[in-house]
Amino acid sequence: ELLDWTRFSINIPTSRISELHYLLRTFTYPDLFSMKRQGRLVYETYFSSTENVLNSVISLIRTRIQIPARPLRDIPSPSVFNSSFSPAIMESLPPDVEPDESLGPLEPPFPSLTFRRNYTTVLNDATAVWNNKLQPFQLYPHTPWEPTIPTEAKFLASGTGFRPINAGEGGSGKEFSQALGGNLPQEQFTVVMLTYERENVLISSLTRLYGLPYLNKVVVVWNSPKPPREDLRWPDIGVPIHVVKVESNSLNNRFLPFSAIETEAILSVDDDSHLRHDEIIFGFRVWREHRDRLVGFPGRFHAWDGNHSSWNYNSNYSCELSMVLTGAAFYHKYYSYLYSYSMPMEIREMVDDLMNCEDLAMNFLISHVTRAPPVKVTSRWTFRCPGCPVSLSEDDSHFQERHKCINFFARVYGYNPLLYTQYRADSVLFKTRIPADKQKCFKFI
């Protein structure tokens, strides 16, 4: 009663069965693909096993009597430090980490609100949950698709949490830098940084986050079995740095929905990423308008190898891309839950076997859910810090493994969900001539 059967089946009277052949010929290839994809998703979610059938029946009964689903729980975030140990703090930060551009106010950390739509999800969104998201079995703390209110509401009684640019009068760079504006309430983001036995590189990257507006906290995923050196000095960057101890050295740990992550927005960065503050803030602003997408800096694409009828991973400069690397990208925490709990286990197992391709897996997942490509911001094509040790991504075997991953992931999904895009996002006044008494949104973007 909740499934929209018209999206994956053809229902015709018995008297017209002889016309079926002609009716099928009227379907376009996009229509056929959409129906085949939806049919596979419905079967795998609701009917592929006895457990799924029982869960579907229970969820149907629960939906009928308007009881919300069981809430999803976060992964615990135990600290790598013992409760009796206090890490050493740097006495001062290097002078070159001081921000040279006003990009936003520095505020105390505050979390994103969770479980705000428990009953509206059951009362109003049941059809979408069962047919579009296909996630009726759990209740998510938040999703990227929550509705927005009209523009005038932010200036009236419903405007709690909104901070329009210049109180709604708009403005250029000076006014723009003082508030997030946009169509959503004020919020912050969490930096999640995966590291493995590169302590000096890690500390350098953490130090550069000092004075970054809208930063809630930094979660460092400590993938090494050895704890940090006791004499290692950590920077005081104005927000908490939570170093999470994980059970094993896995690249999948990058996307675990840790309880320490208290914001919807996550900036995933490698420990050797080198992004300027203005690039990060611009990426955050763009992500707020594309909450269901992967928004990042380095673009890559999947190329067709006609000789072998297979896909190749390509990092060459191109006017078309289909992926952004999660070594420097924003995404919604909702996808951490999907990656860890819903994405096919075979994909996570391959990531562990190769110690590679977790970023490709996240690109596949988000494109599969949204049927949309990622959003690339700014002209940056790489994000490595100058002088950092050469990473595994420079090795030829790294690329061979990524070719293998793309083809394997496509087989698991039954198709290749990656989609191409031919544009990138830049600031509104980028390369626009403006009066001398006005400032651009960003000096260098």
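What you see is a predicted model, and the numbers here were worked out from it, not measured in a lab.
A salt bridge links D270 with R254; the closest basic N to acidic carboxylate O contact falls under 4.0 Å. A salt bridge links R117 with D125: the closest approach of a Lys/Arg side-chain nitrogen to an acidic carboxylate oxygen falls below 4.0 angstrom.
Judged as a disulfide (SG to SG under 2.5 Å), the pairs with a partner in residues 321-376 (not counting sequence neighbours) are, in order, C357-C405. The stretch residues 43-83 participates, sequence neighbours left out, in no disulfide (SG to SG under 2.5 Å) pair at all. For residues 14-72, there are no disulfide (SG to SG under 2.5 Å) pairs, not counting sequence neighbours. Sorted by first then second residue, the disulfide (SG to SG under 2.5 Å) pairs that include residues 51-84, not counting sequence neighbours, number zero.
Using a 30° and 60° split on the angle between ring planes, W304 and W311 fall in the perpendicular class, above 60°.
No side-chain heavy atom of V295 sits under 4.5 Å from any side-chain heavy atom of V324. Using a 4.5 Å cut-off on side-chain heavy atoms (C-beta onward), L321 and R424 make no contact. Using a 4.5 Å heavy-atom threshold, the side chains of F115 and P71 count as touching. With a 4.5 Å cut-off on side-chain heavy atoms, Y334 and W145 count as touching. Within the 4.5 Å cutoff, side-chain heavy atoms of V221 are placed close to those of F258. A heavy-atom distance below 4.5 Å is not found between the side chains of L294 and Y335. Inter-residue side-chain proximity for Q138 and Y341 is flagged as unmet; no heavy-atom pair is nearer than 4.5 Å. Counting only heavy atoms from C-beta outward, the side chains of Q38 and L134 approach each other to under 4.5 Å.
A cation-pi geometry, defined here as NZ or CZ lying under 6.0 Å from the six-membered ring centre and within 45° of its normal, does not hold between R40 and Y415.
Judged by distance alone, with hydrogens and angles left aside, the side-chain atoms of R300 form no donor-acceptor pair with the main-chain N or O of Y313 at under 3.5 Å. Remark: the backbone N or O of G327 is paired with a side-chain donor or acceptor of S273 at under 3.5 angstrom. At least one donor-acceptor pair closer than 3.5 Å links the side chain of E279 to the backbone N or O of R276. Judged by distance alone, the side chain of K245 and the main-chain N or O of E247 form no donor-acceptor pair under 3.5 Å. Listed for the N52 side chain is no donor-acceptor partner under 3.5 Å among the backbone atoms of F47. Without hydrogens or angle criteria, H302 side chain to L419 main chain gives no donor-acceptor distance under 3.5 Å. At least one donor-acceptor pair under 3.5 Å links the side chain of N216 to the backbone N or O of F110. Formation of a donor-acceptor pair under 3.5 Å by the K154 side chain with backbone atoms of I149 is not found in this model. The backbone N or O of A329 sits nowhere less than 3.5 Å from a side-chain atom of T326 that would complete a donor-acceptor pair. In this structure a side-chain-to-backbone donor-acceptor pair under 3.5 Å is missing from N253 to N249.
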Evaluation steps, side chain to side chain contact (heavy atoms under 4.5 Å, CB included), between T121 and Y140 = CA-CA 10 Å; T121 298; Y140 290 84; over 6 Å; no

Check the pair R285, V377 against side chain to side chain contact (heavy atoms under 4.5 Å, CB included), reporting the backbone distance first and the verdict last.
-> CA-CA 10 Å; R285 288 178 180 270; V377 292; over 6 Å; no

Do D74 and Y337 pass the side chain to side chain donor-acceptor pair (under 3.5 Å) test, and can you show the C-alpha distance, the side-chain angles, and the key distance before you say yes or no?
-> CA-CA 8 Å; D74 290 333; Y337 296 109; 2.4 Å; yes

Given the rule in the ring pair (Phe, Tyr, Trp, His ring centres under 6.0 Å) test, do Y214 and F189 qualify, once you have shown the distances and angles that lead to the verdict?
-> CA-CA 6 Å; Y214 311 117; F189 63 91; 7.6 Å; no

What's the verdict on side chain to side chain donor-acceptor pair (under 3.5 Å) for T263 and T190, showing C-alpha distance, side-chain angles and the deciding distance?
-> CA-CA 6 Å; T263 60; T190 301; 2.7 Å; yes

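Y331 pairs by the ring-ring contact (aromatic ring centres under 6.0 Å, His included) definition with F255, not counting sequence neighbours. Taking the side-chain contact (heavy atoms from CB on, under 4.5 Å) definition, one finds that S427 meets it with F282, F430, C441, F442, I445, sequence neighbours left out. Remark: R62 engages no residue in a salt bridge (Lys or Arg N to Asp or Glu O under 4.0 Å) (not counting sequence neighbours). Applying the salt bridge (Lys or Arg N to Asp or Glu O under 4.0 Å) criterion to R288, with sequence neighbours excluded, gives E187. Listed by chain and number, the residues in a salt bridge (Lys or Arg N to Asp or Glu O under 4.0 Å) with E197 are K226 (sequence neighbours excluded). P344 is linked by a side-chain contact (heavy atoms from CB on, under 4.5 Å) to E346, I347, V412, Y413, counting only residues two or more places apart in sequence or in another chain. Every residue meeting the side-chain contact (heavy atoms from CB on, under 4.5 Å) condition with H21, not counting sequence neighbours, appears here in chain and number order: R25. Scored by the side-chain contact (heavy atoms from CB on, under 4.5 Å) test, S9 finds W5 as partners (sequence neighbours excluded).
Counting non-hydrogen atoms of neighbouring residues, nucleotides and ligands closer than 6.0 angstrom, the CD atom of E152 exceeds 12 such neighbours. The number of heavy-atom neighbours closer than 6.0 Å to NZ of K133, taken from other residues, nucleotides and ligands shown, is above 12. The neighbour count for R70 CZ, taken as heavy atoms of other residues, nucleotides or ligands under 6.0 Å away, does not exceed 12. Within 6.0 Å of the CG atom in N183, the count of heavy atoms belonging to other residues, nucleotides or ligands does not exceed 12.
There is a side-chain donor-acceptor pair under 3.5 Å between N316 and N314. Y339 and N252 share a donor-acceptor pair across their side chains, judged by distance under 3.5 Å alone. With hydrogens and angles left out, the side-chain atoms of Y46 and N55 include no donor and acceptor closer than 3.5 Å. Between the side chains of S205 and D271, no donor N or O sits under 3.5 Å from an acceptor N or O.
One distance of note links CD1 of I237 with NZ of K217; it measures 12.0 Å at 0.5 Å rounding. Distance NZ/K333 to OG/S112: 9.0 Å, rounded to 0.5 Å.
Under the side chain to side chain donor-acceptor pair (under 3.5 Å) test applied with R291, the options H142, H332, E146, E264 reduce to a single match, E264. Of the candidates N312, L354, L360, L360 is the only one forming a side chain to side chain contact (heavy atoms under 4.5 Å, CB included) with R402.
Residues A372 and S367 approach most closely at O-OG, 3.4 Å, considering heavy atoms.
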